[in-house]
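For reference, the structure discussed in these notes is given below.
We name chains A, B, ... by the order of the sequence lines, and we start the count at 1 in each one. For the numbers below, each heavy atom of this structure counts, side chains included, while hydrogens, waters and symmetry mates do not.
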Amino acid sequence: MSRESARTHIRGLLVHALGVAQKQNKLPPLASTDVTVEYAPPEKADYASNLALRLSRAVRMPPMQVAEVIVAALPKSPYLGEVSAAPPGFINFKLDENWLARQVQDILDQGEAFGNCDVGGGAALQIEFGSANPTGPLTIGSGRNIVLGDTLARVLEAANYRVQREYYVNDVGSQMDTFARTLFARYQQLHGSDVHVPPDGYAGAYMVELAEQVNQEVGDALLQAPESEALRTLHERGLALMLDSIRADCALLGVEFDEWLSQAWLEDEGRVHAAIAALRDRGRVAEREGATWFVSTDVEEDKDNVLVRSTGDPTYFAADIAYHDYKLERGFTSLIDVWGADHHGHVPRVKASLAALGHDPEQLTILLYQLVRVLRGGAEVRMSKRTGDVVTVREVVDEVGVDASRYFLVARSPDTAMTFDLDLAQAQSDENPVYYIQYAHARTASILERAQQDGVGPGDTDLDLLQHPAELALLRLMIRLPELVEDVALQHAPHRLAFYAQELAALFHAFYRDCRVIDPDNVALSRARLELVHAAKLVLARCLGLMGMSAPDHM
RNA sequence: GCGCCUGUAGCUCAGUGGACAGAGCAUCGGUCUUCGGAACCGAGGGUCGGGGGUUCGAAUCCCUCCAGGCGUACCA
């Protein structure tokens with residue numbers, strides 16, 4: 001079972017000390033204060049709190065004095081060495097180095113569970129991602145969506161959320177109609193017709209392949225059928241094949257969804273009309289210009305939006321309202337949607353609709369990510385979904401492998417319009433951080449293997465022998481993994497994993513340089529260091545695993 | 001026009017209002033009779049887009065201007 005991280009522990013000590021200081025009248029009574037603990041500059045301490053600085057004004061005391069009062073009120077802790085007040089009013093915490101050394105055992109005891117934390121408290125959370133229109137193969141842009149979503153999902157699981165991964169299948173609407181019409185044209189062309197792909201159709205070559213696959217299933221039967229029936233069949237068969245292809249692309253990225261939820265199903269179930277009726281009951285619907293509108297102008301939005309077109313068809317927006325309502329109906333207490341930034345204008349509408357239905361819009365978090373540019377041979381690749389001129393997930397994974405694909409797609413903040421450099425991702429050189437990190441892991445494996453050959457086998461281990469600065473620096477970072485998981489889960493910032501992994505690998509390499517692990521002349525120290533290497537291997541592997549990357553023993 | 005995102009070292013990017021702004025790559029200079037050199041050490045390199053403001057303290061918050069991306073559909 002995971003236990004309290006050092007940071008959480010220190011936070012608890014501070015809260016306790018605040019209570020004590022107030023009881024002893026060293027501090028005036030205070031309203032509840034949220035206590036934050038951060039990482040101190042390494043040369044000063046391990047952890048630090050700015051609590052005294054923030055309290056100074058409220059208690060009408062100089063910050064240094066507040067800090068000293070709090071330090072005096074702090075209970076003793078086996079975690080900690082020196083604790084001190086530092087100008088202008090920080091409270092600095094140094095970890096006890098023997099305690100730190102013994103965390104090697106704690107990490108080994110927790111094994112693959114090391115890194116877990118409990119900020120989720122077992123809450124049911126749904127994360128919806130991917131959800132690209134099934135009108136073509138997944139592009140690298142969708143790849144970013146999927147890798148972000150899946151990485152976040154892995155971290156949320158580690159943070160003790162009950163996570164469901166869902167892909168929303170947008171299988172109705174004008175884009176699917178265009179898809180079916182394009183497929184029909186390609187199908188007719190197979191049978192010698194000279195019809196053209198519709199001007200707004202999908203010109204990519206994959207539509208030709210799709211037509212061939214459908215043709216193998218149905219032969220020329222659709223040529224005689226009425227056009228509406230042919231289109232219906234092609235819609236259905238094309239969609240099924242497209243979804244197979246998308247599922248396969250996800251599998252290439254190591255991603256599996258728990259649920260594929262169909263928009264058509266929502267409509268067939270009457271959920272879309274029910275949602276519109278519910279909005280109408282609440283006085284949020286207007287009929288105007290032959291269409292049905294969601295009225296949000298006066299509250300959340302700058303304009304109203306159409307729910308039902310004058311043709312009688314519900315819009316994507318109407319379906320999305322029903323969809324989010326249905327998400328909450330299923331008992332998820334938190335929802336995350338991962339959307340491309342080109343959908344950001346949709347955010348206030350969906351939130352407004354949730355509020356209008358009586359939900360708390362805060363339950364929904366929308367993680368927006370900026371678009372992806374691709375660099376090949378140093379030049380930007382132009383992309384267009386319409387012409388089929390896209391860089392697909394499949395070709396990127398074929399070209400650079402799943403590990404590098406995932407690493408590069410997750411390593412940038414979602415807010416950054418990232419550039420995916422195919423040549424760099426493919427490079428097996430020191431320019432490529434993927435190999436740097438995995439190499440550190442392979443090195444741990446190699447050392448452990450070597451130790452067996454050299455006969456420095458298991459035996460009594462005295463972890464207190466771990467005192468070298470390089471050993472302790474490595475350990476300090478290792479024990480932060482649960483804190484990182486907590487931060488990533490709360491901030492929805494999976495890119496931080498990549499930076500952590502890089503830093504961890506660097507500290508391991510530095511340790512390797514400074515500390516000879518296998519030394520037949522000092523078996524006791526060798527054993528302690530082997531335990532540290534073993535623990536480092538676990539932490540590196542866990543971190544890579546959270547990113548969906550492999551942790552190879554050999555490269 | 002309005003809205004969202006972005007602007008930090010030559011390049012790609014980190015940086016929950018805190019302690020002198022960081023990393024990788026690139027450049028230059030070092031380390032090696034190696035527990036796998038896909039490694040390590042060091043150096044140079046910054047008006048944190050500009051200007052105001054709030055604060056004990058601003059890359060971070062507010063205002064404004066400039067630049068780029070994306071939205072602003074009875075598409076999704």
Would you kindly give the [atom1]-to-[atom2] distance between [X] and [N], to the nearest whole Å?
X: A:Asp415; N: B:U60; atom1: CG; atom2: P; result: 16 Å
X: A:His468; N: B:C35; atom1: NE2; atom2: P; result: 16 Å
X: A:Arg443; N: B:A38; atom1: CZ; atom2: P; result: 9 Å
X: A:Met383; N: B:G69; atom1: CE; atom2: C1'; result: 14 Å
X: A:Tyr407; N: B:A14; atom1: OH; atom2: C1'; result: 11 Å
X: A:Asp304; N: B:A73; atom1: CG; atom2: P; result: 13 Å
X: A:Asp514; N: B:U31; atom1: CG; atom2: C1'; result: 12 Å
X: A:Leu368; N: B:C4; atom1: CG; atom2: P; result: 12 Å

Paired with [N]: which nucleotide, if any, by Watson-Crick or G-U wobble criteria at under 3.5 Å for both distances?
N: B:G71; answer: B:C2
N: B:G24; answer: B:C11
N: B:G57; answer: none
N: B:G36; answer: none

Does one side chain, of [X] or [Y], offer a donor that lies under 3.5 Å from an acceptor on the other?
X: A:Tyr323; Y: A:Glu166; answer: yes
X: A:Lys94; Y: A:Asn92; answer: no
X: A:Arg406; Y: A:Thr151; answer: yes

- If a protein heavy atom is under 4.0 Å from the base, mark B; if only from the sugar-phosphate, S; if neither, -; do that for nucleotides 17-23 of chain B going 5' to 3'. -BBB---

- Query: Aromatic ring centroids of A:Phe129 and A:Tyr167 under 6.0 Å?
  - Reply: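 Ring centroids of A:Phe129 and A:Tyr167 are no less than 6.0 Å from each other.
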
- Are OP1 or OP2 of B:G37 and a side-chain N or O of A:Tyr439 less than 4.0 angstrom apart?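 So the side-chain polar atoms of A:Tyr439 do come within 4.0 Å of the phosphate oxygens OP1 or OP2 of B:G37, strictly under.
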
- Message: Applying the 5.5 Å / 30° rule, does A:Tyr512 stack onto the base of B:C35?
- Response: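 Yes, A:Tyr512 stacks on the base of B:C35.
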
- Query: Using 4.0 Å as the upper bound for N to carboxylate O, is an ion pair formed by A:Arg480 and A:Glu503?
  - Reply: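 Salt bridge between A:Glu503 and A:Arg480, a charged N being under 4.0 Å from a carboxylate O: no.
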
- Message: Tell me whether A:Arg60 at atom CZ has more than 12 heavy atoms from other residues, nucleotides or ligands lying less than 6.0 Å away.
- Response: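 At most 12 heavy atoms, drawn from other residues, nucleotides or ligands, come within 6.0 Å of this atom.
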
- Answer yes or no: is there a side-chain heavy-atom contact under 4.5 Å between A:Pro314 and A:Glu267?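 They are in side-chain contact.
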
